[in-house]
Structure formats: C-alpha cells, structure tokens
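Just so it is clear, the values below take in all heavy atoms, side chains as well, and ignore hydrogens, waters and symmetry mates. Within every chain, numbering begins at 1; the chains are lettered A, B, ... in the order of the sequence lines, protein sequences first and strands thereafter. Every value quoted in this text rests on a predicted model; they were computed, and no experiment measured them.
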Number of protein chains: 2
Amino acid sequence: MKKYCFGVDVGGTTVKIGLFETVGNLIDKWEIKTRTENFGENILSDICDSMDAKLAEKGISLDEIEGVGIGLPGPVLADGTVLQCVNLGWGTFNVAEKMSEMFHGLKVKAGNDANVAALGEAWKGGGKDYDDIVMITLGTGVGGGVVLGGKIITGYNGGAGEIGHMHVNDEEELTCGCGRKGCLEQYTSATGVVRLAGRYMKATNQPSKMRDFGDAITAKDVFDLAKEGDEGANAVVAQMGDYLGKAMSSIAAVINPQAFIIGGGVSKAGQFLIDAIKGVYRETCFAACGDAAVHLAELGNDAGMYGSAALIVK
Amino acid sequence: MKKYCFGVDVGGTTVKIGLFETVGNLIDKWEIKTRTENFGENILSDICDSMDAKLAEKGISLDEIEGVGIGLPGPVLADGTVLQCVNLGWGTFNVAEKMSEMFHGLKVKAGNDANVAALGEAWKGGGKDYDDIVMITLGTGVGGGVVLGGKIITGYNGGAGEIGHMHVNDEEELTCGCGRKGCLEQYTSATGVVRLAGRYMKATNQPSKMRDFGDAITAKDVFDLAKEGDEGANAVVAQMGDYLGKAMSSIAAVINPQAFIIGGGVSKAGQFLIDAIKGVYRETCFAACGDAAVHLAELGNDAGMYGSAALIVK
C-alpha cells in the first residue's frame, strides 16, 4: 500500500477533505465550498483541483497516493454509482469512475455519507476495537451505517443502515419525512425528543422545568434538565431510550453486532444517554447478543472524512 | 474446484447427508441415526464412516472431493467452533478442525443449521436469483438466516439471523422460550398462530369455525379456514402478517435485502401467507427497500444439506 490517500466528505454546503497516511494518521484537513449551481457540475473538478494544490504544497507526488475515497449525501451502490444526490443537484452516474478519470486515473471509491461515517468510526473512532459495528446517528434525522468485517453493508438499493426508518410504533398519527408513520426517527432524533417532550407536557399536569421553555425547548434542554433531576425530562429520556434500546435489540437479532456506536448532535448528552439506552437494550435483546458494547462516537464531523479514507485503506 | 463435495445436516435424531457435484447437482442423499449418547462422541465418526462407504459404493476417489460442509443445531462461529449443541450433547470445540482430522485432512466448514438452510435456499432454492437474502423459518419456533453477497452473516456470537427474537410487542405478558417477552416468534410460529387464534376467540363473540376445533386447533387449521373465507381466521392471519410484515420492514431498514424467503411448516400455507405478509411489508418499509421480493422457500428439509454443500462451493 502506498503512503497516502485522500478522504473526501461532500456535504450540501461544504466539502471536507483530508490527507491521510494510509496507516491511519490524518496529516491535514481543510474545506472548500460545495458549488451546487448548474446541477453541481463543478463539484468534482473543484475537489480534484484542491487535492492537486495540496500535493504541490506538500511536495507529495502522485505515485505516493493509494487513492481517493468520497462520501456523498445520497444512496450509493457498491460499484460507486450514485442514484441521486438532490442536495448536490446530481442525477445518476458512476462517481467513482468519473472522478478517477478526472484525477489522474487513481483508484476512487464512493459511499453514502452516513455509511462512510460509520466506517470512519469503525476504523479510528468509537468502534476502533471492533470488527462488526452498527452506527446510529441521532441528529436532525436519524441515520446509520452497518459495518461487518470492516466493510460497509450497502444493501440492494443502497438502503441499508436506514435505522431511523425502522417501524417502532403502530399508533403514530404524524407522518415521518419518509412518508411512513411510526419510524424510530420520529422519537429519537433531536426533533423527536422535542416531540416526546411536547406530548409529555400535554398529557400530564406534573410540574416540570421543561414547561418554562415552551415551544422553544430543544433536545439539549431536555437532557440538561434530566441530568439535573427533573422528573418530566427524565420520563422523556426514558421513553426515547425505550424506543432506541428496543430497536437496537431487534437489530441485534438480525446481525448480532459486536458494538453499537451512537453519534450525531443528540449524542452530546454523553454517557447519560448511553445509560438510558443500554439498560433497555440489555433487557430486551436475545441473550446471545446481550454483551454488545454501546459507545459514543468519537470523530464528530470528521467521521465521514476518516471513513472515506477507510474505503481506500481497508 | 474438484468435482464433488458433501453437505451434512445434523439434527437431534437423524443426520442428513448429501453427495453433490460442486456445480450444484445433488447426486445422492441418505440419512443416518444421530447417536447422542456419551455426549455425542460417535456422531462425527459415524458421519465420516458413512461418507467413506458412499465413496466406495460410487467408486469416487478422495482426490475428487472438494470438502465437507456441516450444519449444526447450535451457535457456530466463523472459524467452525461450535459453542454448544445441547441436542447433540456437545460442548465447545472446533468441529471443522476435528472433522477434517477425522476425514482424511479434507477441507471442512461448519455453520449453524438455520443459517446454513438460508444459504441453501440462496444457492438453489427460493433465493437462487438473488445475492442478498433473509430467510425466515416459521416452524415450531421462528428462526432465520442472513446471506449477503453469498456468504452467511454469523454475527459476533453466532446470534445473527435470530429473527424470531426481534422485539415486536411491548404489551405481552407471556414469556418467550428465550426468556424475553414480546418476541416475533410468539405470534408467527405455528404455536404463535394458535396463540393468536385463542386470543381472538376469547376476545370476541363473533362466530368462527375456529371454535369447532377448540384447544386442538393448529396453524394449518387457521390458514385452511382463512382460505375458505372464515372471518375470524382471516383476522388471525392478518394479525400474524402484520407482526411479520412490520418486522421485515425493520430488517429492511437495517440491511436492505434483495429478497425475503419464507420457509418452515407454517409456510405450507403458500402464496396466501405471502400475500398476507407482503402488503404490510410494502406499506411500512422505507421506500428504497420496497421492491424486495418475498418468496416461499423451495428446498424443504433438504435446505440444510444444500446449504452445507454451499459452504464448500461458494
């Protein structure tokens, strides 16, 4: 294996680029703007120009580069074909082939951003001690990724790791962003936690400091109050942990991972959140799967960059 | 690849053995008794003797044998270590290594019986047109297997494919065989369907021919009556399909398989059962996963034998 590789994480507003040693060290990282105009026709060439400039700056020759990994905000098939990236203005084409043509014929591999972030955590983050992990990202939505034997499971249509759209509630009347009702995301995303808090306050007259926040309450507020001992906030966290822990036990019955890695904005609640999930998981999961570790993610916004590099290295 | 291999399916009372051409044809199959006495010390040597005798009978030399695959009724790790086979009297040891020593140093691979049956269906049965399948076996219990890219996913502790122990009901008061409450198996196994029928009859006064059977009613009776148009029996089948279809949609959100293969005794209800499941699946699954095929298993009791052979061939 050659000495260096690039890990690229393409978002709707910025592209994060990392220059890595293939043994696993991040040498340098920087960002460029994502130019989405004209169906995003400049995005790949901007990235290639930026990588070329970095190589010149560092005095590194192309012969020392193993390849480029790239994470994209949309479904990506195993061969590097992106099906659609609405946020980038892209339709369907083979990104890996196209970018390789544009970047001196070097090896390029592409993956979905959530899947790639999971691979990053499995390589150098919260899952670095494990072979088989499931990452669950609790942000505005709930995403995830499945990494078995160090490889991303993409699924037939690139739909693997869509943990947020597991069906967990038959009684839900609100529609999820995906068009279904009762998805895990509706209760465990940042907005999901706020939804549960609102429902709790409506359903009971118990005093709770959550009421002081009114409609402006955030998931962070709920977790902060719960840590301070607010009974209502703790009831909301318990409910959220109940949905997530049970969904994790169903995941375990299907693929029995060695560890679950919990990331995204909501995971800033830290070990308090992990404890709320882990108890429910241990109580509901198939016994043989009970010793799976449950850890916080460690790479934050760099996970995608690391994981894209891992597409090349692993 | 050499011309022949063996596929062995070890059960608690009989061992099924198949001689296969490695291109996929079953040449001969037969059964021997499983001698479980003295901690099952004779089981492997009985199998080896039986395979030797078959080679002599057919005039096939050892040089023409690629290897032996063996399916076992207990958790099996990827390296061929069986953790425990209560039904055989076995503790923990590496079956693949042990059997290879006993059978002329040939390659031996071992797998869990349910996982191996899934691989058999993926190779030559209901899943033969697909790369990534999930098999769900609806029998006395509910088992399963996950095959991705033609390989069994065993999971960290051999617990992958334990579909029957996905948590699907928070309200259940009865304990499942696994020690938890609200497992899929409690509603979709043969006994699960009977349980749902019993609860239906208790909860309503509606006339139904199910009542004529009393406590002796079987899952087959329920499906037969449903096909005849009995309203109560159809309500029970719909409820069973609801549990299973929703669990499948959760599976799809995790690994997005290309096809689900439904086997086991309950699957003798045929396309009627598939229709009951498929509608619910399509309505609840994440849209990208919606076109997964749902098929009946095709190999019946031979699936394990085929799958064991596939451990060697694939």
Side-chain angles (χ1 to χ4, degrees), chain A residues 75 78 83 130-134 144 146 148-149 151 153-170 176 178-185 242-243 245-259 280-281 283-293, chain B residues 75 78 83 130-134 144 146 148-149 151 153-170 176 178-185 242-243 245-259 280-281 283-293:
Chain A
L83 295 182
Y130 309 103
D131 293 325
D132 302 340
I133 70 148
V134 172
V146 178
L148 300 182
K151 301 282 179 193
I153 302 298
T154 53
Y156 177 53
N157 294 319
E162 289 285 357
I163 312 291
H165 302 290
M166 293 177 73
H167 179 82
V168 298
N169 182 7
D170 285 347
C176 178
C178 76
R180 308 304 195 193
K181 288 174 181 174
C183 292
L184 182 64
E185 175 168 300
D242 194 66
Y243 279 118
K246 284 174 181 166
M248 283 163 51
S249 80
S250 283
I251 294 171
V254 181
I255 52 172
N256 182 200
Q258 197 173 3
V280 177
Y281 173 72
E283 282 161 24
T284 50
C285 74
F286 186 63
C289 308
D291 63 353
Chain B
L83 295 182
Y130 309 104
D131 293 325
D132 302 340
I133 70 148
V134 171
V146 178
L148 300 181
K151 301 283 178 193
I153 302 299
T154 54
Y156 178 53
N157 294 317
E162 288 286 356
I163 313 290
H165 301 289
M166 294 177 73
H167 179 81
V168 298
N169 182 7
D170 286 346
C176 177
C178 76
R180 307 304 194 193
K181 288 173 180 174
C183 292
L184 182 65
E185 175 169 300
D242 195 65
Y243 279 118
K246 284 174 181 166
M248 283 163 51
S249 80
S250 283
I251 295 172
V254 181
I255 52 173
N256 182 201
Q258 198 172 5
V280 177
Y281 174 71
E283 281 161 25
T284 52
C285 74
F286 186 62
C289 308
D291 62 353

Between Asn256(A) and Tyr156(B) (side chain of the first, backbone of the second, donor and acceptor by atom type, cut-off under 3.5 Å), is there such a pair? yes
Non-hydrogen atoms of Gly159(B) and Cys289(A) that approach each other most closely: O-SG, 4.2 Å
Measure the CD1-CD1 distance between Ile153(B) and Ile153(A) for me, rounded to the nearest 0.5 Å. 5.0 Å
Only pairs of heavy atoms separated by less than 4.5 Å count here; which of Glu162(B), Lys181(B), Arg180(B), Glu283(B) has the most with chain A? Arg180(B)
Hey, which of Val168(B), Asp170(B), Leu148(B), Val146(B) has the most heavy atom pairs under 4.5 Å with chain A? Asp170(B)
Give the table of side-chain donor-acceptor pairs shorter than 3.5 Å for residues 247-255 of chain A, with sequence neighbours excluded, one pair per line with atom names and distance.
{"from": "Ser249(A)", "atom 1": "OG", "to": "Lys246(A)", "atom 2": "O", "distance (Å)": "2.8"}
{"from": "Ser249(A)", "atom 1": "OG", "to": "Thr284(A)", "atom 2": "OG1", "distance (Å)": "3.3"}
{"from": "Ser250(A)", "atom 1": "OG", "to": "His167(B)", "atom 2": "N", "distance (Å)": "3.3"}

Between Gly164(A), Cys285(A), Cys176(A), Cys178(A), which has the largest tally of heavy atom pairs under 4.5 Å with chain B? Cys285(A)
Engaged part of Cys183(B) at the chain A interface, taking heavy atoms whose separation is under 4.5 Å: neither
Please flag which part of Asp291(B) lies under 4.5 Å from any non-hydrogen atom of chain A: side chain, backbone, both or neither. side chain
When only pairs under 4.5 Å are counted, which of Ala287(B), Gly161(B), Pro75(B), Ala78(B) shares the most heavy-atom pairs with chain A? Gly161(B)
